[in-house]
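Okay, structure first, notes after.
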Amino acid sequence: MEEMTGTAREGLRTGLRRRHMTMLAIGGAVGAGLFVGSGSVIKTAGPAAVVSYTVAGVLVLCVLRALGEMVVARPVAGSLAEYARMALGPFAGFTVGWLYWYMYVILVGAEATAGAAILAEWIDLPQWTLAAALLVVMTAVNLISVRSFGEFEFWFASIKVAAIVVFLVLGVLYVLGWWPNGRAGVGNLTAHGGFVPNGWDGVLSAIVVVIFAFGGTEIVTLAAAESAEPGRAVARATSNVLWRVGLFYVASILLVVTILPWDDAKVLTSPFVSALDTMGVPAAGTVMQVVILTAVLSVLNSAIYVSSRMLYVLTRDGDAPAGLVRVNRRGVPARAVLLGTVAAWCAVVASYVSPDRVFTFLVNSIGVLLAFLYLAVMFSQLRLRTRLQREDPAALTYRLWLHPYLSWAVIAVLGAVLVFAALMSSMRTQLISSAVAVVIAAAAYPLRARLGATLPLREVSVLKR
(Lines give C-alpha, C1' and ligand atoms only; values in the text may rest on other atoms or scores of the structure.)
Protein backbone atom coordinates (compact mmCIF):
# COMPACT_ATOMS: atom_id res chain seq x y z
CA MET A 1 0.00 0.00 0.00
CA GLU A 2 1.23 3.48 -0.81
CA GLU A 3 2.74 5.40 2.08
CA MET A 4 0.31 7.73 3.76
CA THR A 5 1.69 11.18 3.09
CA GLY A 6 -1.53 13.14 2.91
CA THR A 7 -3.09 15.04 5.76
CA ALA A 8 -6.59 16.11 6.54
CA ARG A 9 -5.90 19.46 4.91
CA GLU A 10 -5.09 17.82 1.60
CA GLY A 11 -8.50 16.23 1.52
CA LEU A 12 -10.29 14.34 -1.22
CA ARG A 13 -9.79 15.12 -4.90
CA THR A 14 -12.25 15.81 -7.68
CA GLY A 15 -11.53 12.80 -9.87
CA LEU A 16 -15.09 11.97 -10.97
CA ARG A 17 -16.18 13.29 -14.36
CA ARG A 18 -19.65 14.00 -15.74
CA ARG A 19 -20.01 10.57 -17.36
CA HIS A 20 -19.01 8.88 -14.09
CA MET A 21 -21.65 10.83 -12.20
CA THR A 22 -24.30 10.11 -14.83
CA MET A 23 -23.75 6.36 -14.77
CA LEU A 24 -23.31 6.34 -11.00
CA ALA A 25 -26.74 7.92 -10.69
CA ILE A 26 -28.25 5.41 -13.10
CA GLY A 27 -26.44 2.42 -11.63
CA GLY A 28 -27.41 3.40 -8.11
CA ALA A 29 -31.06 2.92 -9.04
CA VAL A 30 -30.50 -0.57 -10.46
CA GLY A 31 -29.26 -3.35 -8.19
CA ALA A 32 -29.49 -7.12 -8.13
CA GLY A 33 -32.77 -6.66 -6.25
CA LEU A 34 -34.48 -5.65 -9.50
CA PHE A 35 -33.48 -8.85 -11.27
CA VAL A 36 -34.16 -11.22 -8.36
CA GLY A 37 -36.02 -9.50 -5.52
CA SER A 38 -38.78 -8.15 -7.75
CA GLY A 39 -40.27 -11.64 -7.85
CA SER A 40 -41.41 -11.43 -4.22
CA VAL A 41 -42.91 -7.99 -4.86
CA ILE A 42 -44.93 -9.36 -7.77
CA LYS A 43 -46.11 -12.28 -5.63
CA THR A 44 -47.29 -9.82 -2.97
CA ALA A 45 -49.02 -7.24 -5.18
CA GLY A 46 -49.70 -9.12 -8.42
CA PRO A 47 -49.70 -7.00 -11.60
CA ALA A 48 -50.30 -3.97 -9.36
CA ALA A 49 -46.62 -4.24 -8.42
CA VAL A 50 -46.15 -1.50 -11.03
CA VAL A 51 -48.19 0.77 -8.73
CA SER A 52 -45.97 -0.15 -5.76
CA TYR A 53 -42.82 0.68 -7.71
CA THR A 54 -44.32 3.94 -8.96
CA VAL A 55 -45.38 5.18 -5.53
CA ALA A 56 -42.09 4.17 -3.89
CA GLY A 57 -40.18 5.81 -6.75
CA VAL A 58 -41.99 9.13 -6.28
CA LEU A 59 -41.25 9.03 -2.55
CA VAL A 60 -37.55 8.38 -3.16
CA LEU A 61 -37.53 11.15 -5.77
CA CYS A 62 -38.75 13.63 -3.15
CA VAL A 63 -36.08 12.52 -0.66
CA LEU A 64 -33.35 12.85 -3.29
CA ARG A 65 -34.67 16.25 -4.34
CA ALA A 66 -34.45 17.39 -0.71
CA LEU A 67 -30.93 15.99 -0.45
CA GLY A 68 -29.99 17.57 -3.78
CA GLU A 69 -31.23 20.94 -2.55
CA MET A 70 -28.77 20.81 0.33
CA VAL A 71 -25.89 19.48 -1.77
CA VAL A 72 -26.24 22.22 -4.39
CA ALA A 73 -26.46 24.91 -1.72
CA ARG A 74 -23.68 23.54 0.49
CA PRO A 75 -21.61 20.83 -1.32
CA VAL A 76 -19.53 18.88 1.22
CA ALA A 77 -18.21 15.34 1.49
CA GLY A 78 -20.40 12.93 3.45
CA SER A 79 -23.65 14.67 2.62
CA LEU A 80 -26.19 12.76 4.73
CA ALA A 81 -24.23 12.96 7.97
CA GLU A 82 -22.90 16.45 7.33
CA TYR A 83 -26.32 17.97 6.71
CA ALA A 84 -27.73 16.23 9.77
CA ARG A 85 -24.87 17.79 11.73
CA MET A 86 -25.45 21.25 10.24
CA ALA A 87 -29.20 21.18 10.78
CA LEU A 88 -29.82 19.02 13.82
CA GLY A 89 -26.54 19.12 15.72
CA PRO A 90 -23.49 16.88 16.35
CA PHE A 91 -25.55 14.07 17.93
CA ALA A 92 -27.60 13.67 14.75
CA GLY A 93 -24.49 13.87 12.56
CA PHE A 94 -22.75 11.21 14.64
CA THR A 95 -25.73 8.84 14.65
CA VAL A 96 -26.59 9.23 10.95
CA GLY A 97 -22.96 8.91 9.90
CA TRP A 98 -22.26 5.71 11.82
CA LEU A 99 -25.57 4.14 10.79
CA TYR A 100 -24.84 4.90 7.14
CA TRP A 101 -21.31 3.50 7.45
CA TYR A 102 -22.60 0.39 9.22
CA MET A 103 -25.29 -0.17 6.58
CA TYR A 104 -22.81 -0.13 3.73
CA VAL A 105 -20.16 -2.18 5.51
CA ILE A 106 -22.67 -4.98 6.11
CA LEU A 107 -23.82 -4.57 2.52
CA VAL A 108 -20.22 -5.10 1.35
CA GLY A 109 -20.12 -8.41 3.23
CA ALA A 110 -23.54 -9.49 1.99
CA GLU A 111 -22.75 -8.66 -1.65
CA ALA A 112 -19.36 -10.41 -1.50
CA THR A 113 -21.15 -13.51 -0.21
CA ALA A 114 -23.80 -13.26 -2.94
CA GLY A 115 -21.18 -12.78 -5.65
CA ALA A 116 -19.22 -15.79 -4.37
CA ALA A 117 -22.36 -17.93 -4.56
CA ILE A 118 -22.74 -17.04 -8.26
CA LEU A 119 -19.07 -17.62 -9.05
CA ALA A 120 -19.14 -20.99 -7.27
CA GLU A 121 -21.36 -22.30 -10.06
CA TRP A 122 -18.53 -21.69 -12.55
CA ILE A 123 -15.36 -21.92 -10.43
CA ASP A 124 -14.56 -24.96 -8.30
CA LEU A 125 -13.28 -23.16 -5.22
CA PRO A 126 -14.69 -22.70 -1.69
CA GLN A 127 -17.16 -19.83 -1.54
CA TRP A 128 -15.25 -18.08 1.25
CA THR A 129 -12.18 -18.00 -1.02
CA LEU A 130 -14.19 -16.45 -3.82
CA ALA A 131 -15.74 -13.91 -1.43
CA ALA A 132 -12.26 -12.96 -0.20
CA ALA A 133 -11.05 -12.58 -3.78
CA LEU A 134 -13.94 -10.25 -4.64
CA LEU A 135 -13.22 -8.14 -1.56
CA VAL A 136 -9.52 -7.90 -2.43
CA VAL A 137 -10.17 -6.91 -6.04
CA MET A 138 -12.82 -4.29 -5.28
CA THR A 139 -10.78 -2.89 -2.38
CA ALA A 140 -7.78 -2.52 -4.71
CA VAL A 141 -9.96 -0.66 -7.22
CA ASN A 142 -11.01 1.82 -4.54
CA LEU A 143 -7.46 2.24 -3.22
CA ILE A 144 -6.04 3.25 -6.61
CA SER A 145 -8.02 6.49 -6.98
CA VAL A 146 -11.53 7.88 -7.04
CA ARG A 147 -11.31 7.91 -10.83
CA SER A 148 -10.60 4.17 -10.77
CA PHE A 149 -13.75 3.66 -8.73
CA GLY A 150 -15.67 5.84 -11.18
CA GLU A 151 -14.40 3.94 -14.24
CA PHE A 152 -15.36 0.55 -12.84
CA GLU A 153 -18.77 1.83 -11.80
CA PHE A 154 -19.26 3.40 -15.23
CA TRP A 155 -18.78 0.06 -16.99
CA PHE A 156 -20.72 -1.94 -14.40
CA ALA A 157 -23.64 0.46 -14.74
CA SER A 158 -23.36 0.38 -18.53
CA ILE A 159 -23.78 -3.41 -18.55
CA LYS A 160 -26.83 -3.21 -16.26
CA VAL A 161 -28.43 -0.49 -18.34
CA ALA A 162 -27.72 -2.33 -21.59
CA ALA A 163 -29.28 -5.51 -20.19
CA ILE A 164 -32.47 -3.70 -19.17
CA VAL A 165 -32.73 -1.84 -22.48
CA VAL A 166 -32.40 -5.13 -24.39
CA PHE A 167 -35.04 -6.71 -22.14
CA LEU A 168 -37.39 -3.77 -22.71
CA VAL A 169 -36.98 -3.95 -26.50
CA LEU A 170 -37.49 -7.72 -26.65
CA GLY A 171 -40.41 -7.56 -24.22
CA VAL A 172 -42.22 -4.88 -26.21
CA LEU A 173 -41.73 -6.84 -29.43
CA TYR A 174 -43.12 -9.96 -27.75
CA VAL A 175 -46.17 -8.20 -26.27
CA LEU A 176 -46.94 -6.54 -29.62
CA GLY A 177 -46.73 -9.90 -31.37
CA TRP A 178 -43.71 -8.88 -33.45
CA TRP A 179 -41.45 -11.52 -31.90
CA PRO A 180 -41.32 -15.12 -33.21
CA ASN A 181 -44.13 -17.02 -31.45
CA GLY A 182 -45.00 -13.82 -29.61
CA ARG A 183 -48.41 -13.45 -28.01
CA ALA A 184 -49.90 -10.04 -28.60
CA GLY A 185 -52.02 -8.57 -25.82
CA VAL A 186 -52.00 -7.73 -22.13
CA GLY A 187 -54.39 -10.38 -20.88
CA ASN A 188 -52.08 -11.51 -18.06
CA LEU A 189 -52.62 -8.15 -16.33
CA THR A 190 -56.21 -9.07 -15.45
CA ALA A 191 -56.73 -12.77 -16.26
CA HIS A 192 -55.52 -14.19 -12.95
CA GLY A 193 -57.65 -12.61 -10.26
CA GLY A 194 -57.61 -9.08 -11.66
CA PHE A 195 -55.05 -6.29 -11.67
CA VAL A 196 -55.04 -6.14 -7.85
CA PRO A 197 -55.54 -9.84 -6.95
CA ASN A 198 -54.38 -9.53 -3.34
CA GLY A 199 -56.18 -6.27 -2.60
CA TRP A 200 -54.68 -2.89 -1.91
CA ASP A 201 -53.19 -4.24 1.31
CA GLY A 202 -50.86 -6.26 -0.88
CA VAL A 203 -49.93 -3.17 -2.86
CA LEU A 204 -49.17 -1.23 0.33
CA SER A 205 -47.12 -4.13 1.72
CA ALA A 206 -45.12 -4.22 -1.50
CA ILE A 207 -44.47 -0.45 -1.28
CA VAL A 208 -42.79 -0.98 2.10
CA VAL A 209 -40.46 -3.57 0.54
CA VAL A 210 -39.82 -1.62 -2.67
CA ILE A 211 -38.71 1.57 -0.89
CA PHE A 212 -35.68 -0.24 0.44
CA ALA A 213 -34.94 -1.70 -3.00
CA PHE A 214 -34.20 1.87 -4.13
CA GLY A 215 -31.34 2.15 -1.64
CA GLY A 216 -28.24 3.39 -3.45
CA THR A 217 -29.87 6.17 -5.44
CA GLU A 218 -28.48 8.65 -2.92
CA ILE A 219 -24.85 7.65 -3.59
CA VAL A 220 -24.51 10.25 -6.31
CA THR A 221 -25.04 13.03 -3.75
CA LEU A 222 -22.25 11.58 -1.60
CA ALA A 223 -19.91 11.30 -4.59
CA ALA A 224 -20.69 14.84 -5.75
CA ALA A 225 -18.02 16.27 -3.46
CA GLU A 226 -15.39 14.48 -5.58
CA SER A 227 -16.77 15.64 -8.92
CA ALA A 228 -15.64 18.64 -10.94
CA GLU A 229 -19.13 20.20 -10.91
CA PRO A 230 -20.86 19.04 -7.71
CA GLY A 231 -23.87 21.33 -7.92
CA ARG A 232 -24.67 20.69 -11.59
CA ALA A 233 -23.95 16.95 -11.27
CA VAL A 234 -26.36 16.48 -8.38
CA ALA A 235 -29.06 18.68 -9.89
CA ARG A 236 -28.90 16.73 -13.15
CA ALA A 237 -28.78 13.32 -11.45
CA THR A 238 -31.61 13.87 -8.97
CA SER A 239 -33.79 15.50 -11.61
CA ASN A 240 -33.50 12.37 -13.74
CA VAL A 241 -34.45 9.90 -11.00
CA LEU A 242 -38.10 9.83 -12.06
CA TRP A 243 -37.48 8.71 -15.63
CA ARG A 244 -34.86 6.19 -14.49
CA VAL A 245 -37.32 4.63 -12.06
CA GLY A 246 -40.05 4.75 -14.68
CA LEU A 247 -37.91 3.15 -17.37
CA PHE A 248 -35.87 0.63 -15.43
CA TYR A 249 -38.30 -0.46 -12.75
CA VAL A 250 -41.88 0.32 -13.70
CA ALA A 251 -41.59 -0.47 -17.43
CA SER A 252 -39.57 -3.66 -16.91
CA ILE A 253 -41.88 -4.95 -14.16
CA LEU A 254 -44.91 -4.11 -16.32
CA LEU A 255 -43.44 -6.24 -19.11
CA VAL A 256 -42.72 -9.13 -16.74
CA VAL A 257 -46.32 -9.29 -15.44
CA THR A 258 -47.60 -8.88 -19.01
CA ILE A 259 -45.49 -11.74 -20.38
CA LEU A 260 -45.95 -14.09 -17.40
CA PRO A 261 -48.95 -14.81 -15.16
CA TRP A 262 -48.12 -13.12 -11.85
CA ASP A 263 -48.95 -16.32 -9.93
CA ASP A 264 -46.58 -18.48 -11.97
CA ALA A 265 -44.08 -20.15 -9.62
CA LYS A 266 -41.24 -19.13 -11.94
CA VAL A 267 -41.88 -15.45 -11.21
CA LEU A 268 -40.79 -15.82 -7.59
CA THR A 269 -37.49 -17.54 -8.40
CA SER A 270 -36.23 -15.36 -11.25
CA PRO A 271 -38.78 -13.17 -13.04
CA PHE A 272 -36.49 -11.82 -15.75
CA VAL A 273 -34.98 -15.20 -16.62
CA SER A 274 -38.45 -16.75 -16.72
CA ALA A 275 -39.72 -13.99 -19.00
CA LEU A 276 -36.77 -14.42 -21.37
CA ASP A 277 -37.26 -18.20 -21.36
CA THR A 278 -40.92 -17.70 -22.25
CA MET A 279 -39.86 -15.53 -25.17
CA GLY A 280 -37.47 -18.25 -26.28
CA VAL A 281 -34.27 -16.24 -25.84
CA PRO A 282 -31.34 -18.72 -25.94
CA ALA A 283 -29.03 -19.02 -22.91
CA ALA A 284 -31.25 -16.59 -20.98
CA GLY A 285 -30.27 -18.05 -17.61
CA THR A 286 -26.53 -17.78 -18.21
CA VAL A 287 -26.76 -14.26 -19.61
CA MET A 288 -28.86 -13.07 -16.68
CA GLN A 289 -26.46 -14.67 -14.19
CA VAL A 290 -23.67 -12.59 -15.72
CA VAL A 291 -25.81 -9.46 -15.46
CA ILE A 292 -26.72 -10.23 -11.83
CA LEU A 293 -23.03 -10.79 -11.02
CA THR A 294 -22.27 -7.42 -12.60
CA ALA A 295 -24.99 -5.81 -10.47
CA VAL A 296 -23.51 -7.45 -7.35
CA LEU A 297 -20.01 -6.21 -8.19
CA SER A 298 -21.41 -2.74 -8.85
CA VAL A 299 -23.03 -2.61 -5.42
CA LEU A 300 -19.87 -4.05 -3.85
CA ASN A 301 -17.71 -1.39 -5.52
CA SER A 302 -20.07 1.43 -4.53
CA ALA A 303 -20.51 0.16 -0.97
CA ILE A 304 -16.75 0.12 -0.35
CA TYR A 305 -16.52 3.66 -1.71
CA VAL A 306 -19.47 4.96 0.33
CA SER A 307 -18.37 3.35 3.60
CA SER A 308 -14.85 4.79 3.26
CA ARG A 309 -16.07 8.32 2.51
CA MET A 310 -18.52 8.27 5.38
CA LEU A 311 -15.81 7.06 7.76
CA TYR A 312 -13.55 9.83 6.43
CA VAL A 313 -16.23 12.40 7.28
CA LEU A 314 -16.82 10.88 10.72
CA THR A 315 -13.10 11.07 11.42
CA ARG A 316 -12.91 14.60 10.10
CA ASP A 317 -15.64 15.71 12.48
CA GLY A 318 -14.08 14.01 15.50
CA ASP A 319 -16.52 11.09 15.59
CA ALA A 320 -13.91 8.42 14.79
CA PRO A 321 -10.17 7.89 15.50
CA ALA A 322 -8.23 10.84 14.08
CA GLY A 323 -5.68 8.73 12.18
CA LEU A 324 -8.33 7.54 9.73
CA VAL A 325 -8.67 11.00 8.18
CA ARG A 326 -5.34 10.72 6.37
CA VAL A 327 -5.37 10.35 2.59
CA ASN A 328 -2.66 9.03 0.28
CA ARG A 329 -0.95 10.83 -2.60
CA ARG A 330 -3.96 10.17 -4.86
CA GLY A 331 -6.45 11.69 -2.44
CA VAL A 332 -7.88 8.33 -1.28
CA PRO A 333 -8.70 7.81 2.43
CA ALA A 334 -6.93 4.45 2.28
CA ARG A 335 -7.14 3.67 5.99
CA ALA A 336 -10.89 4.23 5.94
CA VAL A 337 -11.18 1.94 2.89
CA LEU A 338 -9.20 -0.82 4.59
CA LEU A 339 -11.06 -0.58 7.89
CA GLY A 340 -14.38 -0.90 6.10
CA THR A 341 -13.10 -3.94 4.19
CA VAL A 342 -11.92 -5.60 7.40
CA ALA A 343 -15.31 -5.00 9.02
CA ALA A 344 -17.04 -6.38 5.91
CA TRP A 345 -14.81 -9.45 6.02
CA CYS A 346 -16.08 -10.10 9.56
CA ALA A 347 -19.62 -10.17 8.09
CA VAL A 348 -18.45 -12.64 5.42
CA VAL A 349 -16.96 -14.90 8.11
CA ALA A 350 -20.24 -14.71 10.02
CA SER A 351 -22.12 -15.79 6.88
CA TYR A 352 -20.26 -19.12 6.95
CA VAL A 353 -19.70 -19.61 10.70
CA SER A 354 -23.14 -18.51 11.92
CA PRO A 355 -25.43 -17.98 8.90
CA ASP A 356 -28.69 -18.44 10.80
CA ARG A 357 -27.88 -16.21 13.76
CA VAL A 358 -25.12 -13.63 13.50
CA PHE A 359 -25.24 -13.07 9.73
CA THR A 360 -29.04 -13.08 9.62
CA PHE A 361 -29.14 -10.48 12.39
CA LEU A 362 -26.57 -8.31 10.58
CA VAL A 363 -28.53 -8.40 7.32
CA ASN A 364 -31.85 -7.80 9.10
CA SER A 365 -30.35 -4.88 11.03
CA ILE A 366 -29.84 -2.90 7.82
CA GLY A 367 -33.25 -3.91 6.46
CA VAL A 368 -35.15 -0.70 7.18
CA LEU A 369 -32.31 1.62 8.21
CA LEU A 370 -32.90 3.55 5.02
CA ALA A 371 -36.26 4.76 6.34
CA PHE A 372 -34.58 6.23 9.45
CA LEU A 373 -31.88 7.84 7.29
CA TYR A 374 -34.46 9.27 4.89
CA LEU A 375 -36.29 10.79 7.87
CA ALA A 376 -33.03 12.44 8.95
CA VAL A 377 -32.63 13.85 5.43
CA MET A 378 -36.12 15.36 5.44
CA PHE A 379 -35.80 16.92 8.90
CA SER A 380 -32.38 18.30 7.93
CA GLN A 381 -33.82 19.81 4.75
CA LEU A 382 -36.62 21.52 6.69
CA ARG A 383 -34.18 23.12 9.11
CA LEU A 384 -31.53 24.08 6.55
CA ARG A 385 -34.07 25.46 4.07
CA THR A 386 -35.39 27.84 6.70
CA ARG A 387 -31.86 28.89 7.64
CA LEU A 388 -30.74 29.42 4.04
CA GLN A 389 -33.86 31.44 3.17
CA ARG A 390 -32.94 33.76 6.01
CA GLU A 391 -29.15 33.90 5.65
CA ASP A 392 -28.28 33.07 2.01
CA PRO A 393 -31.33 32.81 -0.29
CA ALA A 394 -29.12 33.05 -3.39
CA ALA A 395 -27.71 29.59 -2.58
CA LEU A 396 -31.15 28.00 -3.10
CA THR A 397 -30.85 27.55 -6.84
CA TYR A 398 -32.20 23.97 -6.68
CA ARG A 399 -35.22 23.40 -4.45
CA LEU A 400 -37.66 20.77 -3.25
CA TRP A 401 -41.13 21.64 -4.46
CA LEU A 402 -44.03 22.90 -2.30
CA HIS A 403 -41.93 23.70 0.75
CA PRO A 404 -42.64 22.96 3.58
CA TYR A 405 -45.81 20.95 2.84
CA LEU A 406 -44.20 18.28 0.68
CA SER A 407 -41.40 17.82 3.22
CA TRP A 408 -43.90 17.12 5.99
CA ALA A 409 -45.92 14.85 3.67
CA VAL A 410 -42.83 12.74 2.94
CA ILE A 411 -42.05 12.55 6.66
CA ALA A 412 -45.60 11.37 7.32
CA VAL A 413 -45.35 8.69 4.62
CA LEU A 414 -42.00 7.47 5.94
CA GLY A 415 -43.50 7.27 9.43
CA ALA A 416 -46.40 5.27 8.01
CA VAL A 417 -43.93 2.94 6.29
CA LEU A 418 -42.29 2.18 9.64
CA VAL A 419 -45.68 1.59 11.27
CA PHE A 420 -46.74 -0.67 8.42
CA ALA A 421 -43.44 -2.56 8.68
CA ALA A 422 -44.19 -3.20 12.35
CA LEU A 423 -47.57 -4.67 11.40
CA MET A 424 -46.09 -6.96 8.70
CA SER A 425 -44.81 -10.24 10.08
CA SER A 426 -42.29 -10.50 7.22
CA MET A 427 -40.81 -7.08 8.04
CA ARG A 428 -41.12 -6.98 11.82
CA THR A 429 -37.82 -8.73 12.52
CA GLN A 430 -35.97 -6.33 10.22
CA LEU A 431 -37.61 -3.34 11.89
CA ILE A 432 -36.65 -4.52 15.37
CA SER A 433 -33.08 -5.34 14.31
CA SER A 434 -32.71 -1.96 12.60
CA ALA A 435 -34.12 -0.19 15.67
CA VAL A 436 -31.50 -1.96 17.78
CA ALA A 437 -28.78 -0.65 15.45
CA VAL A 438 -30.18 2.89 15.78
CA VAL A 439 -30.25 2.66 19.57
CA ILE A 440 -26.66 1.34 19.72
CA ALA A 441 -25.37 4.11 17.44
CA ALA A 442 -27.17 6.79 19.44
CA ALA A 443 -25.97 5.35 22.76
CA ALA A 444 -22.36 5.41 21.53
CA TYR A 445 -22.40 9.20 21.10
CA PRO A 446 -20.94 9.96 24.57
CA LEU A 447 -17.83 7.97 23.55
CA ARG A 448 -16.99 10.37 20.73
CA ALA A 449 -14.90 12.60 23.01
CA ARG A 450 -12.38 9.74 23.35
CA LEU A 451 -12.06 9.15 19.60
CA GLY A 452 -10.21 12.27 18.51
CA ALA A 453 -10.34 16.03 18.22
CA THR A 454 -12.71 17.62 15.78
CA LEU A 455 -10.98 19.21 12.80
CA PRO A 456 -12.15 22.65 11.67
CA LEU A 457 -14.59 22.22 8.80
CA ARG A 458 -13.03 25.07 6.82
CA GLU A 459 -9.77 23.10 6.60
CA VAL A 460 -11.25 19.90 5.17
CA SER A 461 -14.32 20.82 3.14
CA VAL A 462 -12.38 22.37 0.24
CA LEU A 463 -11.53 19.63 -2.23
CA LYS A 464 -8.19 19.50 -3.98
CA ARG A 465 -8.13 19.10 -7.75
Side-chain angles (χ1 to χ4, degrees), residues 21-22 24-34 37-38 41 45 49-72 79-80 83 96 99-100 103-104 107 157 160 164 203-224 234-253 295 299 302-303 306 366-382 398-403 406-418 420-421 427 434:
M21 295 296 290
T22 299
L24 183 62
I26 294 174
V30 182
L34 171 62
S38 55
V41 176
V50 295
V51 176
S52 301
Y53 277 101
T54 301
V55 173
V58 171
L59 179 65
V60 172
L61 169 66
C62 293
V63 175
L64 286 184
R65 183 86 183 190
L67 189 54
E69 174 185 293
M70 295 184 287
V71 173
V72 172
S79 55
L80 279 80
Y83 299 129
V96 168
L99 285 174
Y100 199 68
M103 182 175 71
Y104 273 96
L107 191 59
K160 291 188 291 185
I164 294 176
V203 176
L204 292 174
S205 300
I207 290 173
V208 176
V209 176
V210 170
I211 286 174
F212 307 112
F214 286 123
T217 53
E218 79 290 341
I219 291 176
V220 67
T221 64
L222 192 75
V234 169
R236 186 184 306 111
T238 55
S239 295
N240 292 334
V241 166
L242 190 58
W243 74 260
R244 292 200 304 270
V245 170
L247 179 62
F248 297 140
Y249 278 90
V250 178
S252 59
I253 296 301
V299 175
S302 297
V306 170
I366 67 173
V368 297
L369 274 185
L370 210 56
F372 292 105
L373 295 172
Y374 282 171
L375 281 170
V377 169
M378 298 311 302
F379 281 114
S380 299
Q381 182 269 339
L382 277 170
Y398 185 79
R399 308 183 183 208
L400 176 65
W401 316 282
L402 303 176
H403 176 80
L406 185 56
S407 301
W408 284 112
V410 172
I411 290 171
V413 172
L414 288 171
V417 165
L418 291 175
F420 211 83
M427 295 289 293
S434 296

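Because only heavy atoms are used, hydrogens play no part in the values below, and waters and symmetry mates are left out as well, while side chains stay in.
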Problem set entry | Spacing of I366 atom CD1 and L373 atom CG [to the nearest 0.5 Å] | 11.0 Å
Exercise. By side chain to side chain donor-acceptor pair (under 3.5 Å), which residues pair with S407, not counting sequence neighbours?
Worked result: Q381
Exercise. For Y100, what residues pass the side chain to side chain donor-acceptor pair (under 3.5 Å) criterion, not counting sequence neighbours?
Worked result: E218
Exercise. Going by heavy atoms in the side chains, are L370 and I211 under 4.5 Å from each other?
Worked result: no
Problem set entry | Side chains of I253 and V41 in contact at under 4.5 Å (non-hydrogen atoms) | no
Problem set entry | Close side-chain approach of L418 and F372, heavy atoms under 4.5 Å | yes
For this session: Taking the side chain as every heavy atom from C-beta outward, state whether V51 and T54 have any pair of such atoms under 4.5 Å apart.
Result: no
Exercise. Should M378 and W408 count as side-chain neighbours, where that means a heavy-atom distance under 4.5 Å?
Worked result: no
Exercise. Stepwise, does the side chain to side chain contact (heavy atoms under 4.5 Å, CB included) test hold for L59 with L414?
Worked result: CA-CA 9 Å; L59 179 65; L414 288 171; 3.9 Å; yes
Exercise. Given side chains that start at C-beta, do those of I411 and F379 come closer than 4.5 Å, heavy atoms only?
Worked result: yes
Problem set entry | Beyond-backbone contact of Y374 with V410, side-chain heavy atoms, under 4.5 angstrom | no
For this session: With sequence neighbours excluded, tell me which residues meet side chain to side chain contact (heavy atoms under 4.5 Å, CB included) with A376.
Result: V96
Exercise. CE of M103 to CG of L99: how many Å apart, nearest 0.5 Å?
Worked result: 9.0 Å
For this session: Could you walk me through whether L204 and I207 pass side chain to side chain contact (heavy atoms under 4.5 Å, CB included), step by step?
Result: CA-CA 5 Å; L204 292 174; I207 290 173; 4.2 Å; yes
Problem set entry | For the student: nearest non-hydrogen atoms of V377 and A66, plus distance | CG1-CB, 4.5 Å
Seminar exercise, completed: Minimal heavy-atom distance between S205 and F420, with the atoms involved, is OG-CE2, 3.5 Å
